[in-house]
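Predicted model only: the values in this text are computed from it and were never measured.
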Amino acid sequence: MKPSLGIRKKAFYLMIFLQVAIFALIGRIFFIQAFRGEELQALAFEQQTRDRLITPNRGSIYDRNMVGLAVTETVASISVIYAQVRDLPATARALARELDMDEAALLDKISRRVALVRVAQQVDMETAERIRELNLPGVVIDEDIRRVYPFGHMASHIIGFVGRDNQGIIGLEARYDEYLRGEVGRILSETDVAGRQLPHGRQYRIPPTDGYDLVLTIDAVLQAYAEQTIEMLVTEKNALRGVVILMNPQNGQIYALANKPDFDLNDPFTIQSPELAAVWDSFTQEQQMYELNRMWRNFAINDTYEPGSTFKIVTSAAALAEGLITLDTIFSCSGSVTVGGRQIKCWRSPRSHGAQTFLQGVQNSCNPVFMSLGEQLGAELFYEYLLRFGFHEKTGVDLPGEAVGIMYKLENIGPVELATMAFGQSLTITPLQLVRAAAAVVNGGYQVTPHVGMRLLDSEGVIVQEFYHERGEQIIPTEVSETMRYVLETVVSVGTGRRTYIPGFRVGGKTATSQKLPRGSGRYISSIMAFAPAENPTVVALVLLDEPKGAYYGGQVTGPVMQVLLENALPYLGITPVFNEEETATPGTVPVILPDIRGFEQADAAMVLREAGLGFDISGTGNTVVSQFPIPGELVNQGERILLWMGTIEPETE
């Protein structure tokens, strides 16, 4: 009996459906294999393996002489794989004991049904080894790294620090993070569906790529000198803060950049101020973060200030470049000048400098001389020189958070603004902007880019990259720069900067005492800019003290400090003293270990230093040496001068 027509039709349709389904399945298989094969294979591999990260070695940071300023040491990280733990309470108890952690909190953490939980990082290797010997199922110990700063506070605002994930937070650690951090590696272990490691499963290791080492232009010895200098000055004068910058004016390489107060790079979240520390726990989290950011702030580049008389080098260079004056041009100072109906005084008022040449005006730092120069230049030309010197832009230093100078717009510069800007008021700049401008004034007139990064090295010490910073445009003619070097050298030899004079070395400079706003508040910034050797400068320096107590004139407060700083720095940089007929030659270069004379009476200290063949300068009042620079134990040469801070020391009581 033949099947009915209806049954045959159904069979035909079923066959067609099955053929279409088979072809669709084949097509789907082809699509998955051809287009999603690798993706699904990777997903399967991920599901069948346990992934643990291997932290790469973060590149070290070295000074120019390969002294380690930031290095990495090997530590361990402790993790727990939930699926492999046999006894959660016992595991938590053992780990809490070894890691000095809260047992209940740790038990709660490892009881979470996740693939892997990180229990502790940066565990010292001795502790990690003790945990390893416990042979706890599910506890995994991997190598980790910890950032260490061998010199603690040194160059803290430059170097910066890293977070718990070894990522740079501030300073060079943040600026060069992409080069320093390297690439993370992985350990892949085969597991079953429950996440347990297979007894005979394979492990795949993808090694990490270590970061590059960073070599700086900073010199650790000069950085130490700078920090010792400004720390003692800030302490002696009970100042708000202080800055020292040493830079090569020819190429912009920064030898030292010191801010005080500073912080400990190995413990950057601990506030350094005793007053703040006493009330720290009463602060909100926002208040604590605000104070920490203040502590981490790099005043040399992050903040601006009115430079005062050090800015007169810019006005002088502009007037000479425009041919408006010569060194013998005569000016007159009556103690004040009325500009736009406002009386502006000379710093010497009520006395006056009287008739004087331009050269004498710079030596005397006479404000009316520079107000006259500003008037002769005119607002438009003066403003053009402000732009040429780059006060409207960042210096380009390779440190994060650089600020920009604040100055009037051209259309808002009236006679009063022009007069006050000409001698360094009514505009604000960063300390580093001033140093860059000074470099251009004395290096032949060329703009330079201040920088601290010099080169990158791989793990074998091979140079990977050099950081080149070509000279910028010429701002002033070479002959004007030569004239300015001579003018500023006379400021040190016979003018307001004479406390910086060093026999055997040709030093130029300019002092400043700038009054902070509001005027009449009694708050000042004392500073001095200097360079040497005057005939061919290889170092330009700035010492700045914010709100010193007591004496505050730049030449009086910062001049002697600059003298001692350069007296030690110049021989270290290989600059040999050359004495003229009027100078007395020092005994030579016999090395002497500097004695500790803190606590000595002045007469006793003088006798000890003379017996060692050393000279000295006095700062402060009192009859007892409370601090000294360089610090005791430093190796110095006979004939060098030591700076002594005098005060009073109360007798100890039980």
Side-chain angles (χ1 to χ4, degrees), residues 52-77 121-125 142-187 205-224 252-257 263-268 296 298 301 396-402 449-469:
R52 306 202 315 267
L53 301 181
I54 308 174
T55 305
N57 283 325
R58 188 173 179 86
S60 297
I61 299 177
Y62 297 102
D63 88 330
R64 66 188 305 114
N65 299 311
M66 298 304 292
V67 175
L69 303 178
V71 297
T72 297
E73 68 177 15
T74 302
V75 288
S77 64
Q121 291 178 280
Q122 299 188 0
V123 177
D124 63 86
M125 296 305 292
D142 293 315
E143 281 193 2
D144 199 355
I145 63 168
R146 176 166 57 199
R147 200 61 159 171
V148 177
Y149 304 93
F151 294 96
H153 289 253
M154 179 184 282
S156 55
H157 291 95
I158 301 175
I159 298 172
F161 58 90
V162 299
R164 294 186 63 84
D165 58 356
N166 285 302
Q167 182 176 357
I169 293 180
I170 66 169
L172 293 172
E173 292 279 29
R175 171 64 177 78
Y176 287 96
D177 186 68
E178 62 178 307
Y179 302 108
L180 293 166
R181 67 173 177 249
E183 295 183 11
V184 174
R186 284 178 166 78
I187 296 176
R205 189 177 191 275
I206 303 173
T209 302
D210 292 342
Y212 294 131
D213 294 332
L214 175 64
V215 182
L216 306 182
T217 63
I218 297 293
D219 188 297
V221 173
L222 294 178
Q223 182 71 26
Q253 290 189 0
I254 297 175
Y255 295 135
L257 191 155
F263 59 95
D264 185 354
L265 288 171
N266 293 307
D267 191 14
W296 299 334
N298 186 343
I301 67 167
V397 67
D398 48 345
L399 288 168
E402 184 181 11
T449 302
H451 59 281
V452 291
M454 185 154 49
R455 64 178 65 95
L456 295 173
L457 307 177
D458 65 15
S459 57
E460 302 298 322
V462 177
I463 297 176
V464 175
Q465 182 177 346
E466 293 270 9
F467 297 112
Y468 291 106
H469 299 272

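Judged by distance alone, the side chain of Asp177 and the main-chain N or O of Gly168 form a donor-acceptor pair under 3.5 Å. Judged by distance alone, with hydrogens and angles left aside, the side-chain atoms of His153 form a donor-acceptor pair with the main-chain N or O of Phe263 at under 3.5 Å. Listed for the Asn266 side chain is a donor-acceptor partner under 3.5 Å among the backbone atoms of Tyr149. Asp458 places a side-chain N or O within 3.5 Å of a backbone atom of Glu460 that can act as its donor or acceptor partner. The closest donor-acceptor contact from the side chain of Asn57 to the backbone of Asp210 lies at 3.5 Å or more, if one exists at all. With hydrogens and angles disregarded, a donor-acceptor distance shorter than 3.5 Å links the side chain of Thr217 to the backbone of His451. Side-chain N or O atoms of Arg58 include one that pairs as donor or acceptor with a backbone N or O of Glu173 at under 3.5 Å.
The CZ atom of Phe161 sits 10.5 Å away from the CG atom of Asp267 when rounded to the nearest 0.5 Å. To the nearest 0.5 Å, the span separating CG on Leu216 from CE on Met66 amounts to 10.0 Å. Distance check: Leu265 CG to Ser156 OG gives 5.0 Å after rounding to the nearest 0.5 Å. Met154 CE to Asp63 CG: the interatomic distance, rounded to the nearest 0.5 Å, is 8.5 Å. The distance from the CZ atom of Arg146 to the OG1 atom of Thr74 is 10.0 Å, given to the nearest 0.5 Å. Interatomic distance, His469 NE2 to Asp398 CG, rounded to the nearest 0.5 Å: 5.5 Å.
Other residues, nucleotides and ligands contribute only 12 or fewer heavy atoms inside 6.0 Å of the OH atom of Tyr212.
Side-chain contact between Tyr255 and Arg64 is present, with heavy atoms from C-beta onward closer than 4.5 Å. Between Leu457 and Val464, every side-chain heavy-atom pair lies at or beyond the 4.5 Å cut-off. Contact of the Leu257 side chain with the His157 side chain is not registered, since no non-hydrogen atoms from C-beta on lie closer than 4.5 Å. The shortest side-chain heavy-atom distance between Ile145 and Glu73 does not fall under the 4.5 Å cut-off. Looking at Pro150 and Leu69, their side chains never come closer than 4.5 Å, going by heavy atoms from C-beta outward. Between Leu214 and Tyr179, every side-chain heavy-atom pair lies at or beyond the 4.5 Å cut-off. With a 4.5 Å cut-off on side-chain heavy atoms, Leu172 and Leu180 do not count as touching. Side-chain contact between Pro56 and Thr209 is absent, with no heavy atoms from C-beta onward closer than 4.5 Å.
Contact between Pro400 and Arg175 at its shortest, heavy atoms only, is CD-CB, 4.0 Å.
Thr72 and Arg147 share a donor-acceptor pair across their side chains, judged by distance under 3.5 Å alone.
Every residue meeting the side-chain hydrogen bond (donor to acceptor under 3.5 Å, both in side chains) condition with Glu402, not counting sequence neighbours, appears here in chain and number order: Thr395. Glu466 meets the salt bridge (charged side-chain N to carboxylate O under 4.0 Å, His left out) test with Arg455; sequence neighbours excluded. Shown here are the ring pair (Phe, Tyr, Trp, His ring centres under 6.0 Å) partners of Phe467, two or more places apart in sequence or in another chain: Tyr176.
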Practice task
Verify side chain to side chain contact (heavy atoms under 4.5 Å, CB included) between Asp144 and Asn166, making sure each step is shown before the conclusion.
Solution key: CA-CA 10 Å; Asp144 199 355; Asn166 285 302; 4.2 Å; yes

